[in-house]
Asker: 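Sharing a structure here in structure tokens format.
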Amino acid sequence: MLDLQFICENADDVKQNCEARGVTVDVDAVIRLREERNKLVGEGDELRRQQKETSSQIPKASAEDRPALIEAGKKLREQISGIEARQKEIEADLRAEQTQIPNMTHPDAPIGGEDDASEVHLSGQKPEFDFEPLDHYDLAAKHDLIDFEAGSRVAGHGFYYLKNDAVMLEMALVQFALCKLRDEGFTLHTTPDLARDSVLEGIGFNPRGDETQIYSVNDSDLSLVATAEITLGGALKDQTLDVKDLPLKFAGLSHCFRTEAGAHGRKTRGIYRVHQFTKVEMFAFTGPDLEQSNAVHADIVRIEEEIFQALGLHYRLIDTATGDLGGPAYRKFDLEAWMPGRGDGGSYGEVTSASNCTDYQARRLNIRCKSAEKKGTQFVHTLNGTAISCARAIIAVLENYQQKDGSIVVPEVLRPWVGKDVIG
RNA sequence: GGAGAGGUGGCAGAGUGGCCGAAUGCACCGGUCUUGAAAACCGGCGUAGGGUCAAACCUACCGUGGGUUCAAAUCCCACCCUCUCCGCCA
């Protein structure tokens, strides 16, 4: 959520930004509703003042003055109730509009849609095969690594069982990522896999809308999380932090659940797009200025790159275009790993995503910071990034490390946890 | 799941209808005193919105949301959370 005053004082910039991001919002309505609300607040404050004054006279008033004062107080109460009711309506409308406005955008982010992302650089080499490489689906079948039928039987399409060395591979990826993040100064967490809707909304998800990506639990205000970003960011909801403790760097291991509504009909073979996966996520709270959050953002991207470099995978780093940023991100970098079995002759597939959300999430989650020097508080900046998203990382490893005889070499950094050099 | 207790400022803790945005203590900041420190004493010490050159001042906030009342931290209802005991359980 953007600051209301900022929206109204920079309406043209905000409108332009919405357009670049492909979001249709009525900024003028926000301005109008804010004015209406402010007027009501002013009137309400004045009536409340009169009400208090009247009430305070009653205890010391004589018996004959009392009825008139009580009557006056009653009238004031009615007026105040009327104003409060209208104010509530206006504020609901205002909030509904305001929350649809996306974050502002980094000036260097490319403008456009998914295809307009700019490639920052490439790393590593595409593997050369002197045979026709299989995709991860066939490789998994060959080595009995994933049971899709059982997944479908038990939970439906989009669910799966990892089996045998795939289990070890997933655990190894998790271990590798957690060790890396611990060494980078992150505080490690396992997190709840459910969260309150208010937390989901604070992070920027719509738990129960028509196009929701979220599974919600009936008769409760809980939903299954789509990422630990939700629970890591929500962990400090309503807290005021001391700036000298910032930045705070959290890492979280969680399951992620996504309905993938609207994604049907796309290529669904394998575990590229599934309803549940395991992920190690980074999250950071920084001081309230871009210099700090941009620096941490660069650091998060660096860590993601180092993880994929250590895994020996070829990838490209892209700077996501405005239309693909979503609501909260000010800037977003994705890592797309080379997947030899994807599409026709291989293609890049998104494996990580790192966003600087500036104060957009913090405002709605009410996460502030204060310093001894300055009076008052400010909203922190929040950032998030993927360390390892297991399903996608497994695809990349299986497909890139396959050999002519069908076996799969285990990347060296994972061997201590997988316990073998070669699968199959 | 059953029974009970409770959620008040950074912390502790008073406050059961009006003079309470809230006593007191601790912590913290500034000052006096001191060679320095401690102690003692004096003053300050929440967040948000409005207002002002700046103040004064006004409004809201005592877990959250409703309600009763001229008036709510205080009474009523619902929910959330914490603690204790019992039961159950990986």
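Chain letters run A, B, ... following the sequence lines, proteins first, then strands; residues in each count from 1.
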Asker: Please give the nucleotide sitting opposite B:rA23 as a Watson-Crick or G-U wobble pair, both distances under 3.5 Å, or none.
Answerer: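 Per the H-bond distance test, none.
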Asker: Please report the distance, rounded to the nearest Å, between CZ in A:Arg37 and P in B:rA48.
Answerer: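 After rounding, the reported distance stands at 15 Å.
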Asker: Please report the distance, rounded to the nearest Å, between CD in A:Glu53 and P in B:rU59.
Answerer: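 To the nearest whole Å, that distance equals 9 Å.
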Asker: Any side-chain N or O of A:Arg48 less than 4.0 Å from the OP1 or OP2 oxygen of B:rC58?
Answerer: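 Negative; the distance criterion is not met.
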Asker: Check the pair A:Gln100 / A:Val23 against side-chain contact (heavy atoms from CB on, under 4.5 Å), numbers first and verdict last.
Answerer: CA-CA 8 Å; A:Gln100 281 177 51; A:Val23 178; 5.5 Å; no
Asker: For nucleotides B:rA5 and B:rA90, find the distance between their P atoms and express it as a whole number of Å.
Answerer: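 Those two atoms are separated by 32 Å.
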Asker: Report the distance from atom CG of A:Asn384 to atom CD of A:Gln361, rounding to the nearest 0.5 Å.
Answerer: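 So the CG of A:Asn384 and the CD of A:Gln361 are separated by 6.0 Å.
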Asker: Between B:rG65 and B:rG13, how far apart are the two P atoms, rounded to whole Å?
Answerer: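 Each nucleotide's P atom is 25 Å from the other's.
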Asker: Does A:Leu69 reach a base, just sugar-phosphate, or nothing at all? Heavy atoms under 4.0 Å.
Answerer: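 The residue A:Leu69 makes no contact with any strand.
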Asker: Taking the P atom in each of B:rU35 and B:rC45, what is the distance between them to the nearest angstrom?
Answerer: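 31 Å, rounded to whole Å.
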Asker: Taking 4.0 Å as the cut-off, does a side-chain nitrogen or oxygen of A:Arg196 come that near to OP1 or OP2 on B:rC81?
Answerer: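 A:Arg196 to B:rC81 OP1/OP2: side-chain N or O found under 4.0 Å.
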Asker: So, is A:Lys52 near the phosphate of B:rG18, with a side-chain N or O under 4.0 Å from OP1 or OP2?
Answerer: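 No, because none of the side-chain N or O atoms of A:Lys52 sits under 4.0 Å from OP1 or OP2 of B:rG18.
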Asker: Check the distance between B:rC70's P and A:Lys60's NZ and give it to me in whole angstrom.
Answerer: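 Going from NZ in A:Lys60 over to P in B:rC70 covers 19 Å.
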Asker: Flag the pair A:Val30 / A:Leu4 as yes when at least one side-chain heavy-atom distance between them is below 4.5 Å, and no otherwise.
Answerer: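 In contact.
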Asker: With both distances under 3.5 angstrom, what nucleotide forms a Watson-Crick or G-U wobble pair with B:rA56?
Answerer: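 The base-pairing partner of B:rA56, which may sit in any strand shown, does not exist here.
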Asker: Tell me which of A:Lys88 and A:Pro59 sits closer to the 5' end of RNA chain B, going by the nucleotide each one is nearest to.
Answerer: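 Residue closer to the 5' terminus by nearest nucleotide: A:Pro59.
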Asker: Taking only the side-chain nitrogens and oxygens of A:Thr377, find out if one of them lies under 4.0 Å from OP1 or OP2 of B:rA48.
Answerer: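 Answer is yes, contact under 4.0 Å.
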Asker: Starting at CG of A:Asp45 and ending at P of B:rG50, how long is that distance when rounded to a whole Å?
Answerer: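 After rounding, the gap between these two atoms is 11 Å.
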Asker: My understanding is that a pair needs two contacts under 3.5 Å, Watson-Crick or G-U wobble. By that rule, which nucleotide pairs with B:rU64?
Answerer: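 B:rU64 is paired with B:rA78.
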Asker: Of the nucleotides B:rG46, B:rG18, B:rU59, which has the atom closest to the A:Ser55 side chain?
Answerer: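 Minimum distance to the A:Ser55 side chain belongs to B:rG18.
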Asker: Using the C1' atom in both, what is the distance from B:rC70 to B:rG1, to the nearest Å?
Answerer: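 Approximately 45 Å lies between the C1' atom of B:rC70 and that of B:rG1.
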Asker: Can you tell me the base-pairing partner of B:rG43? Count Watson-Crick or G-U wobble geometry only, both distances below 3.5 Å, and say none if there is no partner.
Answerer: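 Result: B:rC29.
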Asker: Inspect the surroundings of CD in A:Gln403 and state if more than 12 heavy atoms from other residues, nucleotides or ligands are less than 6.0 Å away.
Answerer: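 Enclosed.
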Asker: Taking only side-chain N and O atoms of A:Gln51, does any of them lie within less than 4.0 angstrom of OP1 or OP2 on B:rA71?
Answerer: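 So the side-chain polar atoms of A:Gln51 do come within 4.0 Å of the phosphate oxygens OP1 or OP2 of B:rA71, strictly under.
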Asker: Determine the interatomic distance between P on B:rG43 and the same-named atom on B:rA48; round to the nearest Å.
Answerer: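 To the nearest whole Å, 27 Å.
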Asker: Evaluate the ring planes of A:Phe159 and A:Tyr215, with Trp represented by its six-membered ring, and classify them as parallel (under 30°), tilted (30 to 60°) or perpendicular (over 60°).
Answerer: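 It falls in the tilted class, 30° to 60°.
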Asker: To the nearest angstrom, how far is A:Arg49 atom CZ from B:rG51 atom P?
Answerer: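 Value for this atom pair: 16 Å.
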Asker: Report the residue (A:Arg66 or A:Thr54) whose heavy-atom-nearest nucleotide on RNA chain B is the more 5′ of the two.
Answerer: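 So the residue in question is A:Arg66.
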Asker: Taking atom C1' of B:rA48 as reference, at what distance in whole Å does atom CD of A:Gln5 sit?
Answerer: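 In whole Å, B:rA48 C1' lies 13 Å from A:Gln5 CD.
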Asker: Figure out the NZ/P separation between A:Lys74 and B:rU68, and round it to whole Å.
Answerer: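 That distance rounds to 12 Å.
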Asker: If you count every heavy atom of other residues, nucleotides or ligands that lies below 6.0 Å from A:Glu19 atom CD, does the total exceed 12?
Answerer: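 Count not over threshold, so no.
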Asker: Between A:Lys39 and B:rG50, is there a side-chain N or O to OP1/OP2 distance below 4.0 Å?
Answerer: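 Answer is no, no contact under 4.0 Å.
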Asker: Between B:rC80 atom C1' and A:Asp238 atom CG, what is the distance in whole Å?
Answerer: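 For the pair A:Asp238 CG and B:rC80 C1', the rounded distance is 12 Å.
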Asker: By nearest atom, which of the nucleotides B:rG46, B:rA48, B:rU69 is closest to the A:Arg368 side chain?
Answerer: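 From the listed options, B:rA48 comes nearest.
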Asker: Determine the Euclidean distance between corresponding P atoms of B:rC62 and B:rA54; express it in Å to zero decimal places.
Answerer: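 The answer is 29 Å between these two P atoms.
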Asker: For A:Glu336 and A:Arg342: C-alpha separation, side-chain torsions, deciding distance, then whether salt bridge (charged side-chain N to carboxylate O under 4.0 Å, His left out) applies.
Answerer: CA-CA 12 Å; A:Glu336 298 185 339; A:Arg342 186 168 150 77; over 6 Å; no
Asker: With rounding to the closest Å, how many angstrom separate the C1' atoms on B:rA56 and B:rG50?
Answerer: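 Result for the C1' pair: 14 Å, nearest Å.
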Asker: Considering only atom P, compute the distance from B:rG17 to B:rA12 and round it to an integer number of Å.
Answerer: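 Comparing P positions in B:rG17 and B:rA12 gives a spacing of 26 Å.
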Asker: Considering Watson-Crick and G-U wobble pairs with both distances under 3.5 Å, what does B:rG1 pair with?
Answerer: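 The base-pairing partner of B:rG1, which may sit in any strand shown, is B:rC86.
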Asker: Name the pairing partner of B:rA38, where a pair is Watson-Crick or G-U wobble with both distances under 3.5 Å, or state none.
Answerer: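 Its partner is none (no Watson-Crick or G-U wobble pair with both distances under 3.5 Å).
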